[in-house]
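Read the structure below first, then the notes.
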There are 2 protein chains.
Amino acid sequence: MQELSKQEIELLRILQLNARFDITDLTERLNMSRTSVYDRIKKLENEGYIKDYVAIIDPKKVGLNFTVIINVSLNSQRLELVEEFSRQVAALDEVVEGYVTGGIFDYVLKVVVKDPEAFNDFIRKLSDIPNISKVQSSFVMSYIKQSTKLHF
Amino acid sequence: MQELSKQEIELLRILQLNARFDITDLTERLNMSRTSVYDRIKKLENEGYIKDYVAIIDPKKVGLNFTVIINVSLNSQRLELVEEFSRQVAALDEVVEGYVTGGIFDYVLKVVVKDPEAFNDFIRKLSDIPNISKVQSSFVMSYIKQSTKLHF
DNA sequence: GCTTTAAAAGGAAAAAATCCGATGCAAGAA
DNA sequence: TTCTTGCATCGGATTTTTTCCTTTTAAAGC
């Protein structure tokens with residue numbers, strides 16, 4: 001894959017801070033014409049550098065006051081079982097993030113729900129997925145940082 | 001705080017999937033006039049429901065191939081020490097997410113870097129922060145789910 | 001030095017956002 | 001009931017922005 005130019009990197013850095021950009025405003029910062037900026041953005045979108053443009057909603061404002069980091073271990077690491085687990089976990093709306101990890105646990109999930117009761121309901125749903133051997137939850141008491149900005 | 005109307009909830013749900021919305025397109029789905037949609041969005045922005053509009057960049061495409069979930073414990077939970085730790089951690093660009101948790105560990109961090117070597121550099125920086133007693137890292141082997149969409 | 005190709009820029013039309021004034025509608029008061 | 005007040009909604013008009021198309025520039029290979 002082709003390397004990104006300095007202008008393209010700068011562009012991505014700007015965009016990941018603001019998705020409601022006005023192309024005309026970007027021309028000054030990038031020292032490019034209106035249409036060049038337009039073409040670059042389209043190129044970065046088409047080539048998959050930009051996956052999405054999203055609005056970040058404040059979870060507390062919409063009543064989601066309970067975030068939990070869950071560590072999960074499975075009984076078996078057989079590919080088909082792992083894939084089945086991943087598939088089912090991804091389908092759960094409460095799961096915001098999910099990772100397969102190396103280390104003590106096999107999976108780390110981040111779950112956002114309304115309250116402890118909703119979390120209890122979630123854990124019940126999670127437990128229905130076969131092959132789980134161990135679940136350890138750490139509830140989030142406060143946010144230090146929550147960002148979508150990547151450092152590159 | 002005032003409850004959100006059905007239309008406003010629907011609007012937030014749409015916006016968290018697409019920040020490059022065209023107000024005219026939303027009128028049909030929300031059954032509102034162009035200007036009403038406009039006013040509602042401004043209201044939701046001003047009242048803090050919408051924290052930000054951002055572009056989601058593919059980390060792999062910009063060379064960030066190493067994600068790590070780090071569990072950290074501190075020696076002391078004295079407020080000023082905890083706040084100092086939080087402040088310093090939040091200032092590290094490699095830290096994408098950081099939480100104060102109840103459970104076995106005190107903090108969970110998500111760190112995104114280029115490669116293991118960059119991670120090593122990061123750990124060195126992290127270790128310079130005083131008061132840390134234990135650090136346990138789990139590197140991410142694959143992504144099950146990565147979303148900014150909240151379920152409400 | 002000439003040719004080929006891709007990126008960059010400018011113009012103009014189309015589309016969208018924004019502002020403004022007007023209308024409707026509900027709740028409360030006379 | 002009728003009037004008033006306040007607020008959400010709406011449509012028109014203007015401004016701004018996007019988008020497409022064409023021309024120009026620049027760079028690379030021959």
Side-chain angles (χ1 to χ4, degrees), chain A residues 1-64 114 147-150 152, chain B residues 1-64 147-152:
Chain A
M1 173 124 304
Q2 173 88 7
E3 268 285 301
L4 289 172
S5 71
K6 278 195 174 186
Q7 283 174 321
E8 286 165 330
I9 289 171
E10 178 66 10
L11 183 53
L12 287 175
R13 285 183 182 146
I14 295 170
L15 267 40
Q16 74 173 344
L17 295 178
N18 176 25
R20 299 288 297 167
F21 52 85
D22 172 352
I23 293 173
T24 312
D25 290 344
L26 302 178
T27 58
E28 298 159 25
R29 295 186 55 182
L30 295 168
N31 225 48
M32 293 163 86
S33 75
R34 185 174 36 89
T35 40
S36 292
V37 175
Y38 176 81
D39 290 343
R40 290 298 180 92
I41 291 172
K42 291 296 167 209
K43 186 192 144 204
L44 291 169
E45 288 172 1
N46 293 333
E47 292 180 357
Y49 288 91
I50 298 166
K51 291 207 292 184
D52 233 331
Y53 297 105
V54 303
I56 302 298
I57 308 299
D58 186 334
K60 288 178 186 160
K61 285 279 191 174
V62 292
L64 297 171
K114 196 172 157 240
S147 172
T148 52
K149 187 192 147 206
L150 299 176
F152 59 93
Chain B
M1 174 122 303
Q2 175 87 9
E3 267 286 300
L4 288 172
S5 71
K6 278 195 172 184
Q7 283 174 322
E8 285 167 331
I9 290 171
E10 177 66 10
L11 184 52
L12 286 175
R13 285 183 182 146
I14 295 170
L15 266 42
Q16 74 175 342
L17 295 178
N18 175 25
R20 298 289 297 167
F21 51 85
D22 173 351
I23 292 173
T24 312
D25 291 343
L26 301 178
T27 59
E28 298 158 24
R29 295 187 56 180
L30 295 169
N31 225 48
M32 293 162 86
S33 75
R34 185 172 36 88
T35 37
S36 292
V37 175
Y38 177 80
D39 289 345
R40 291 296 181 91
I41 291 172
K42 290 295 166 206
K43 186 192 145 204
L44 292 169
E45 288 173 359
N46 292 333
E47 291 180 355
Y49 289 90
I50 299 166
K51 291 207 292 182
D52 234 331
Y53 297 105
V54 302
I56 304 297
I57 308 299
D58 187 332
K60 288 179 189 162
K61 284 279 192 172
V62 292
L64 297 171
S147 172
T148 52
K149 186 191 149 209
L150 298 176
H151 179 61
F152 60 93

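Excluded from the calculations below are hydrogen atoms, water molecules and symmetry mates; all remaining heavy atoms, backbone and side chain alike, are included. Chain letters run A, B, ... following the sequence lines, proteins first, then strands; residues in each count from 1. None of the values given here were measured: they were computed from a predicted structure.
Under the side-chain contact (heavy atoms from CB on, under 4.5 Å) criterion, B:Lys60 pairs with B:Asp58, B:Asn65, sequence neighbours left out. Taking B:Lys149 as the reference, nothing meets the salt bridge (Lys or Arg N to Asp or Glu O under 4.0 Å) condition, with sequence neighbours excluded. In this structure B:Tyr38 satisfies the side chain to side chain donor-acceptor pair (under 3.5 Å) test with no other residue, sequence neighbours excluded. Considering only residues two or more places apart in sequence or on other chains, B:Ser33 meets the side-chain contact (heavy atoms from CB on, under 4.5 Å) condition with B:Thr35, B:Ser36. Considering only residues two or more places apart in sequence or on other chains, A:Lys51 meets the salt bridge (Lys or Arg N to Asp or Glu O under 4.0 Å) condition with none of them.
Taking the side chain as every heavy atom from C-beta outward, A:Leu4 and A:Leu44 approach each other to under 4.5 Å. Contact check for B:Glu45 versus B:Tyr53: side-chain heavy atoms found under the 4.5 Å cut-off. At least one side-chain heavy atom of A:Leu26 sits under 4.5 Å from a side-chain heavy atom of A:Ile41.
Non-hydrogen atoms lying under 4.0 Å from DNA chain C are contributed by nothing in residues 7-14 of chain B.
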Scan nucleotides 22-24 of chain C against the protein and return all N/O pairs shorter than 3.5 Å with their distances rounded to 0.1 Å.
none

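Distances shown here put every side-chain N or O of B:Ser33 at or beyond 4.0 Å from the OP1 or OP2 atom of D:dT9. Residue B:Arg40 places at least one side-chain N or O closer than 4.0 Å to OP1 or OP2 of D:dT9.
Straight-line distance from the CD1 atom of A:Ile41 to the C1' atom of C:dA7: 16 Å, rounded to whole Å. Between B:Leu4 atom CG and D:dA8 atom C1' there is a gap of 16 Å when expressed in whole angstrom units. Atom-to-atom, CG of A:Leu26 to P of C:dA8 comes out at 15 Å; the value is rounded to the nearest Å.
Sequence neighbours left out, the pairs with a member in residues 5-25 of chain A that pass salt bridge (charged side-chain N to carboxylate O under 4.0 Å, His left out) are A:Glu8-A:Arg40, A:Glu8-A:Lys43, A:Glu10-A:Arg29.
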Completion exercise
Given protein heavy atoms under 4.0 Å, the one-letter contact record of nucleotides 15-29 of chain D, with B base, S sugar-phosphate only and - none, is simply --SBBB---------

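Closest approach of A:Ala55 to B:Ala19, counting heavy atoms only: N-CB, 3.8 Å. Nearest heavy-atom pair across A:Val37 and A:Met32 is CG2-CB, 3.8 Å.
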